[in-house]
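Right, one structure below, let's go through it.
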There are 2 protein chains.
Amino acid sequence: MLMHITSVSVPHPHSLCELGIPTETNPIVSLSQLTYRKCNKIYGEKEPADYVYQVKSGAVRSYKLLRDGRRQIGAFYVSGDIFGLENGSLHRSTAEAVVDTTVRLIRRQNLDVISGSDGALAKHLLRMTTSNLKHAEDHMLLLGRKTSIERVAAFILEMDERLTDAGILALPMSRRDIADYLGLKLETVSRALSHLRKLGILGFIGATHRQIVLLDRQQLAGFDRQN
Amino acid sequence: MLMHITSVSVPHPHSLCELGIPTETNPIVSLSQLTYRKCNKIYGEKEPADYVYQVKSGAVRSYKLLRDGRRQIGAFYVSGDIFGLENGSLHRSTAEAVVDTTVRLIRRQNLDVISGSDGALAKHLLRMTTSNLKHAEDHMLLLGRKTSIERVAAFILEMDERLTDAGILALPMSRRDIADYLGLKLETVSRALSHLRKLGILGFIGATHRQIVLLDRQQLAGFDRQN
DNA sequence: CGCGAGTTTGAAGAAATTCAAACGATGTGG
DNA sequence: CCACATCGTTTGAATTTCTTCAAACTCGCG
C-alpha cells in the first residue's frame, strides 16, 4: 500500500542544504561507526536513545525547536566529543551532522549493564554528564546576559579552543547555525564578525568566510566579560 | 594585624536586601540541617563543594555573575529540591537563600565513598545531574529563543508545577530575581505580568504582588509555544 | 556565463532596556 | 496614631539593541 502524501511540508528550512538532502538518515555503516552526510539527522527529539556517539571527524549540532520553527542549538560537537548520552530512554534534542561526519557508536544498553557493576564507568558517565551541564550553565549566562558582540567573541574563543588548527579557525557551521547557537539572528552575527574584523581582531580567509584568523586573542577576550 | 580596608565596594547590589544583611553566612546549625536568613549565601562560585543540599523549606537561587555585575540565575530550588551537586570539587555557581530557608546537608565525601561501591547510588547521582541538565537545556531554549511574554508565561507555568499551594502561587522571589532568571529586566517582567493580568489570565493578590492566581492555565500555556 | 547558496550591508521597524516618576504597603519614630 | 522614609512594584517616555526586510556581493559550479 502506498503512503498518500497530502503535503510535503517543510516547516523549518533553517538551512537550504536541508532541502536538497533526504530527511531520513542514510548512514554508511562500517563496523561500529557511521558516516552521516551533511545535514543528515543522527537522531531526533523523543526518539529512543539506544546509542551514545563519539565524533571521529566532522561536526554535529544538537538543537531543540519551538513549534513555529525557532531553533536553539544547545551545543556543537567536534572531533573527540561524546554526545547523545541521555539518562531517560529518549533523546531530548535532535542531532544533525553539520558537515559530513563520522561517529563511533556505543550501545547504550551496554553502558547500563556495565555501570550497574562497574563504579568506575558509572563515574565516567557522571563526569561526562556533568561536563555537559557545565557547558549548559555557561551558555545560559551567555544567552541570558551577554550582548551580541560578547556572544560572538565568546563563540570564537570557544571554537578556538576546540578546533585548534594552528591559527586558523575552520568553522564547519554556517552563520545561521552560529546565530541559533548564540540566540541571535544570522545578520547580527555577521555584523558582529564584521565589526571585529574592522577592529583588526579577526581576519577572514576565503570566499565562504568560514575560515577565521584570530589576530588578537587578548583583545577578543576583552569583549567577553567572562563569567 | 588589621586589614586595611581601602574601599567598601558593593559592586552588585542586585537586591537591596543584600545590603542590610551580613555578606557572610550565619547559619543556624541543628543536626545535619542549616537555616539561612533571607539573602544569605549558602556557597559561592569556586568554593570547595563539600556538601550537597536539599531544601526543606524556603527557596534558593543559584546564579553566575559577569564581572560588571550582570547576573544570570540558572535555577531556583524549592522544597524537596537537591542542589549543590557538582562533580568537580568546586561549585560552579553561587547559591543564596531567597527567603529564610532551611536545608538538609549531605557530606559530599560520603557520596563519593558510597558511589564507589554502590552502583545504585551512582545511578541516582547521575539521574539528578541529568535532570539538572534537562532543565538547563530547556532554559537555554527559553533564553535564546522566546519572547518576554513567552518567558514569563513559561515561568509561571513552571512555578505552578513546583509550588502547588492550591490555586495561588506564592512566589518567594522578587521581580528582579525573576528577571535575572528569564534573561530580562525587572520592568519587562512587570510589564509582561501586567499584560497577562489585563488579559484575565492572571490575578494578583496582596500588596507585594508576590501572590499570583492562575485564572486560565490553558490560555497561559498558549503563550508558551512549547518545545 | 549565469545561477545558487551563503554572506554582507543598509534602512526601517519592533522589542526590550533605560531613565524617571509614581504608587501602595510597611515599618519607624515622634 | 499620624507623618514620613523605604522597598518593591508598576507605569510612562525616550533610547538602544536587535531584528526584519531588502538588496548587493562573492565564490563555486554546472
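Letters A, B, ... are given to chains in the order of the sequence lines, protein chains preceding strands, and every chain is numbered from 1.
Rounded to whole angstrom, the span from the CE atom of A/Met173 across to the P atom of C/dG6 amounts to 15 Å. Rounded to an integer number of Å, the gap from CG of B/Leu196 to C1' of D/dT10 is 15 Å. Look at CD1 on A/Ile212: it is 12 Å from C1' on C/dT7, rounded to the nearest Å. The distance from atom CD of B/Gln211 to atom P of D/dG8 is 17 Å, rounded to the nearest whole Å. Distance, B/His209 NE2 to C/dT26 C1': 14 Å, rounded to whole Å. When the C1' atom of D/dT10 is taken as reference, atom CZ of B/Arg175 falls 9 Å away, rounded to whole Å. As rounded to whole Å, 14 Å separates atom P of C/dG6 from atom CG of A/Asp180. Rounded to whole angstrom, the span from the CD1 atom of B/Ile178 across to the P atom of D/dG8 amounts to 13 Å.
The shortest heavy-atom contact between A/Ala59 and A/Val78 is CB-CG1, 4.2 Å. Of all the heavy atoms in B/Ala154 and B/Lys146, the pair that sits closest is CB-NZ, 4.3 Å. B/Ala179 and B/Leu186 get closest at one heavy-atom pair: CB-N, 3.4 Å.
Remark on the helix from C/dC1-D/dG30 to C/dG30-D/dC1: inter-end axis angle 10°, axes from five-pair C1' superpositions, rounded to 10°.
Side-chain atoms of B/Thr102 never come within 3.5 Å of backbone atoms of B/Thr35 as a donor-acceptor pair (strictly under, hydrogens ignored). In this structure, the side chain of A/His139 does not engage the main chain of A/Leu182 through any donor-acceptor pair within 3.5 Å. The closest donor-acceptor contact from the side chain of A/Asp100 to the backbone of A/Lys38 lies under 3.5 Å.
Using cut-offs of 30° and 60° on the angle between ring planes, the pair B/Phe83 and B/Tyr77 is parallel.
Among D/dT9, C/dT7, D/dT11, the nucleotide with an atom closest to any side-chain atom of B/Arg197 is D/dT11.
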**Asked** What is the per-nucleotide protein-contact pattern of nucleotides 16-30 of chain D, from the 5' end, where B denotes a base atom under 4.0 Å from a protein heavy atom, S denotes such proximity for sugar-phosphate atoms only, and - denotes neither?
**Response** --SBBB-----S---

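With hydrogens and angles left out, the side-chain atoms of B/His91 and B/Glu86 include a donor and acceptor closer than 3.5 Å. A donor-acceptor contact closer than 3.5 angstrom links the side chains of B/Glu158 and B/Tyr181.
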